[in-house]
Amino acid sequence: MLDIKFIRDNPEAVRSRIAARGEIPALDELLELDKRRRVLIEETDGLKARRNELSKEIAALSKSGGMITPLKEESREIGQRISEGDEELKTIQEAMKQTLLAIPNLPHETVPVGKTDADNELIRTWGSPASFDFEPKDHLTLGEQLKIMDFPRGTRVTGSGFPVYAGPGAILERTLINFFLDTHRARGNYKEMSVPFVVNRDSLIGTGQLPKFEDDLYRCDVDDLFLIPTAEVPLTNLHRDDLIAYDDLPIYYCGYTPCFRREAGSYGKETRGFLRLHQFDKVEMVKFVRPETSYDELESLVKDACEILEALNIHYRVVALCSGDLGFSAAKCYDIEIWAPGEKRWLEVSSCSNFEAYQARRANIRYRRKETGKPDFVHTLNGSGLATPRLLVAMMETYQNDDGTISIPDVLKKYTGFGLITPDGVQ
RNA sequence: GGAGAGGUGGCCGAGUGGCUUAAGGCGGCGGUUUGCUAAACCGUUGUAUGGUGUAAAGCCGUACCGGGGGUUCGAAUCCCCCCCUCUCCGCCA
């Protein structure tokens with residue numbers, strides 16, 4: 001959520017920065033409401049002040065046995081006008097809140113202006129594409145031949161987009177989660193958290209998924225709860241309505257959860273295999289930081305995610321999203337993409353974003369400033385570190401051998417207990 | 001699902017109609033003492049919002065004791081509805 005005071009003082013700047021996202025915010029209506037709101041507050045506050053005076057007079061008079069009936073009469077009349085004003089005020093404030101909740105964050109000044117992912121800016125590339133002296137297979141072929149991924153059975157059990165990993169595939173997938181968590185805990189100083197996979201509306205409003213994107217979520221109707229689309233939601237909302245001590249910042253969390261996405265409207269886009277799923281596993285990193293440090297924190301967050309890929313020796317690149325490709329709540333976002341030699345394309349495995357105070361304002365997450373001792377909103381950040389399905393795809397395709405077997409990267413062997421997946425099992 | 005208890009400031013916790021700008025404690029901040037730390041002592045310390053200041057400060061208001069209604073000149077306090085938490089029972093991994 002943007003600060004209404006900032007919008008009031010800088011309407012044109014807000015308009016043009018939102019326009020860079022390709023959206024036109026309803027600022028005029030909002031500012032009209034804001035004007036009316038302030039007039040109403042002035043009026044009703046004046047009336048309330050008068051009523052408070054009258055009450056004091058009545059209290060004094062009734063002690064001394066004076067005549068209080070006319071004062072009571074005036075107070076009653078004022079009370080009538082107050083409730084009329086308050087009622088209009090309530091309507092206006094609710095309308096303003098809904099409008100504000102629907103306005104996306106402002107892109108940071110360093111975000112490249114553009115319309116689609118074609119306008120994203122390549123920041124850097126690490127490693128080089130795996131080379132083969134045979135034609136590399138894609139993950140679906142490998143997964144089927146090795147019997148470690150079973151798409152049809154997931155469809156039977158639930159529907160398309162719900163993956164089944166089998167045998168060594170399941171072990172490998174679980175291994176990755178442990179490897180991610182251990183790495184972030186040991187090297188990035190992230191506190192590991194285990195959090196609910198189902199959340200309430202307030203949490204989703206806090207991080208920005210609601211009210212605009214309800215269609216993208218799985219909802220449990222009877223309880224009005226939602227399956228999480230990312231661990232960002234529970235991890236960030238751990239501190240909803242908190243006032244955090246200055247010295248407690250920064251706070252780093254990491255956590256594993258499955259993620260559930262209806263992917264409404266994206267059918268037919270990328271339905272192949274494990275590239276776009278309704279359910280997938282992910283380890284997420286979340287940071288709560290002092291505002292002046294948040295862009296440094298973003299850079300280190302990206303590094304922490306990349307470290308995983310370097311340990312696994314996966315060819316990757318970092319891309320800065322352009323204004324038009326930016327997520328709703330983000331001020332700046334880097335995507336990390338990995339090379340899948342079978343697919344012969346880049347796959348997005350991580351998004352690392354700085355939300356500045358946007359989520360903190362929605363979720364009311366504050367800290368006490370050192371200099372003034374006054375509360376202010378923290379900055380929040382998060383990044384995937386990492387999501388398993390696309391990483392598995394790239395790993396299988398990168399580590400495949402000419403006989404159709406897949407080697408396990410060295411850093412994972414102590415977790416898996418095997419170093420090679422073959423059609424007949426593991427070695 | 002059944003019964004009971006409870007939701008008050010950064011935290012704990014008192015408070016049954018006007019004296020609440022919410023007692024007291026903890027924490028925070030400033031100071032005294034001190035070789036340093038600690039302890040002790042003294043002082044200080046709510047949030048949001050409107051108006052007025054070039055800004056900060058200040059000043060003048062208003063609201064806020066889980067949420068929403070009601071009674072009343074006036075509600076943390078009385079009444080109604082809802083939400084949440086805890087304890088016990090039932091069911092259960």
Side-chain angles (χ1 to χ4, degrees), chain A residues 1-10 30-101 194 196-206 210 220-226 234 237-249 251 258 288 290 357 360-378:
Chain A
M1 197 158 58
L2 301 180
D3 184 0
I4 183 66
K5 279 178 280 187
F6 183 82
I7 299 177
R8 191 191 297 152
D9 295 339
N10 310 276
L30 183 67
L31 291 172
E32 272 312 306
L33 287 172
D34 181 50
K35 217 182 262 177
R36 176 69 186 146
R37 169 180 152 266
R38 284 186 292 156
V39 168
L40 271 174
I41 286 176
E42 221 176 324
E43 279 176 16
T44 55
D45 277 7
L47 291 171
K48 285 172 186 172
R50 175 64 187 150
R51 182 175 62 181
N52 289 343
E53 273 174 38
L54 285 170
S55 285
K56 270 184 201 150
E57 287 176 37
I58 289 168
L61 274 178
S62 58
K63 245 181 222 162
S64 63
M67 181 66 177
I68 59 175
T69 314
L71 296 186
K72 277 193 182 183
E73 199 45 52
E74 185 186 349
S75 183
R76 210 196 310 266
E77 271 171 40
I78 288 176
Q80 189 59 41
R81 290 167 65 194
I82 289 172
S83 42
E84 284 164 17
D86 277 350
E87 204 163 310
E88 187 184 349
L89 198 56
K90 204 172 140 191
T91 310
I92 287 176
Q93 278 169 337
E94 182 55 29
M96 286 179 68
K97 190 181 164 197
Q98 290 311 316
T99 307
L100 279 169
L101 287 176
S194 176
F197 304 160
V198 178
V199 295
N200 58 32
R201 269 179 197 275
D202 285 343
S203 290
L204 288 156
I205 288 169
L210 289 182
C220 310
D221 248 326
V222 273
D223 298 303
D224 204 31
L225 298 172
F226 297 81
N237 279 282
L238 287 173
H239 288 293
R240 175 150 48 83
D241 292 321
D242 267 357
L243 182 49
I244 301 168
Y246 181 88
D247 291 329
D248 287 346
L249 293 176
I251 296 171
F288 304 82
R290 300 168 192 155
R361 196 170 283 112
R362 292 172 82 108
N364 191 30
I365 306 170
R366 299 175 299 166
Y367 76 111
R368 227 175 252 291
R369 298 184 69 115
K370 192 78 167 179
E371 328 80 63
T372 61
K374 295 293 173 197
D376 194 7
F377 294 109
V378 300

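Here L54(A) lies out of heavy-atom contact (under 4.0 Å) with every strand. As judged by a 4.0 angstrom heavy-atom cut-off over every strand, K90(A) is placed among residues touching the sugar-phosphate backbone only. Nucleic acid contact for L243(A): sugar-phosphate only, since backbone atoms but no base atoms lie under 4.0 Å from a heavy atom of the residue. Nucleic acid contact class of R8(A) (heavy atoms, under 4.0 Å, all strands): sugar-phosphate only. Here R50(A) lies out of heavy-atom contact (under 4.0 Å) with every strand.
Salt bridge annotation for R50(A)-E74(A): present, with a cationic side-chain nitrogen under 4.0 angstrom from a carboxylate oxygen. At a threshold of 4.0 Å, the pair R38(A)-D34(A) counts as salt-bridged, since one of the basic side-chain nitrogens sits closer than that to a carboxylate oxygen. The pair K90(A)-E87(A) does not count as a salt bridge, with every side-chain nitrogen at least 4.0 angstrom from each carboxylate oxygen.
The main-chain N or O of L71(A) is never found under 3.5 Å from a side-chain atom of S75(A) such that the two would form a donor-acceptor pair. Judged by distance alone, with hydrogens and angles left aside, the side-chain atoms of D242(A) form no donor-acceptor pair with the main-chain N or O of I244(A) at under 3.5 Å. Side-chain N or O atoms of R362(A) include one that pairs as donor or acceptor with a backbone N or O of I205(A) at under 3.5 Å. Between the R290(A) side chain and the L249(A) main chain, a donor and an acceptor come within less than 3.5 Å of each other.
When both distances must be under 3.5 Å, the Watson-Crick or G-U wobble mate of C36(B) does not exist. Remark: G50(B) base-pairs with C60(B); criterion is Watson-Crick or G-U wobble with both hydrogen-bond distances under 3.5 Å. Pair check for C91(B) finds none; no Watson-Crick or G-U wobble contact set falls under 3.5 Å. Across all strands shown, A55(B) forms no Watson-Crick or G-U wobble pair with both distances under 3.5 Å. Across all strands shown, the partner of C86(B) is G4(B), judged by Watson-Crick or G-U wobble contacts whose two distances both fall under 3.5 Å. Nucleotide C26(B) forms a pair with G10(B), judged by Watson-Crick or G-U wobble geometry with both contacts under 3.5 Å. Applying the Watson-Crick and G-U wobble criteria (two distances, each under 3.5 Å), U16(B) pairs with nothing in any strand. U77(B) is unpaired under the Watson-Crick or G-U wobble criterion, no partner having all donor-acceptor distances under 3.5 Å.
Listed candidates were G18(B), U62(B), G69(B). Nearest to the side chain of N52(A) is U62(B). Side-chain proximity of A49(A) to the nucleotides G61(B), G51(B), C73(B) is greatest for G61(B). Closest to the side chain of R38(A), from the set U62(B), G74(B), G51(B), is G51(B). Of the candidates G61(B), U49(B), G51(B), the closest approach to any side-chain atom of K5(A) belongs to U49(B). Distances were taken from every side-chain heavy atom of K48(A) (C-beta onward) to each of G51(B), U62(B), U49(B); the shortest belongs to U62(B).
Atom pair R369(A):CZ and G28(B):C1' shows a separation of 17 Å (rounding to whole Å applied). Rounded to whole Å, atom P of A63(B) lies 16 Å from atom CD of E43(A). Distance CG (D241(A)) to P (C64(B)): 19 Å, rounded to an integer number of Å. Atom CD in E73(A) sits roughly 15 Å away from atom C1' in G74(B) (whole-Å rounding). Atom NZ of K56(A) and atom C1' of G17(B) are 16 Å apart (whole Å). Between the CG atom of L47(A) and the C1' atom of G74(B) there is a distance of 16 Å, rounded to whole Å. Atom P of nucleotide G68(B) and atom CG of D86(A) are separated by 12 Å, given to the nearest angstrom. Between I41(A) atom CD1 and U49(B) atom C1' the separation is 6 Å, expressed in whole Å.
Of the C1' atoms belonging to C36(B) and G28(B), the separation is 23 Å, rounded to the nearest Å. The separation of G25(B) from U45(B), taken at their C1' atoms, amounts to 14 Å, rounded to a whole angstrom. Distance check on atom P: G67(B) versus G58(B) gives 28 Å, rounded to whole Å. Between G2(B) and A76(B), the distance separating the two C1' atoms is 31 Å to the nearest Å. Distance noted for atom C1' between A39(B) and A22(B): 31 Å (whole Å). For the C1' atoms, the distance linking A5(B) with U62(B) amounts to 35 Å, nearest Å. Rounded to whole Å, the separation between the C1' atoms of G9(B) and G69(B) comes to 26 Å. G68(B) and A14(B) have their C1' atoms separated by 27 Å, with the value rounded to a whole Å.
Contact check, K370(A) against C29(B): no side-chain N or O comes under 4.0 Å of OP1 or OP2. Between R76(A) and C73(B), a side-chain N or O to OP1/OP2 separation shorter than 4.0 Å is present. Within the structure, a side-chain polar atom (N or O) of R368(A) is placed less than 4.0 Å from OP1 or OP2 of U47(B).
Along RNA chain B, the nucleotide nearest R37(A) and the nucleotide nearest A59(A) are compared for position; the residue whose nucleotide lies closer to the 5' end is A59(A). Judged by closest nucleotide on RNA chain B, E53(A) is the one of E53(A) and I58(A) placed further toward the 5' end.
Residues F226(A) and N200(A) are not in side-chain contact: their nearest non-hydrogen atoms beyond the backbone lie 4.5 Å or more apart. Looking at heavy atoms from C-beta onward, K370(A) lies in side-chain contact with D247(A) at the 4.5 angstrom threshold.
Shown here, G13(B) is classed anti by the O4'-C1'-N9-C4 or O4'-C1'-N1-C2 angle, which is more than 90° from 0.
Side-chain N/O atoms of D45(A) and base N/O atoms of G61(B) include a donor-acceptor pair closer than 3.5 Å.
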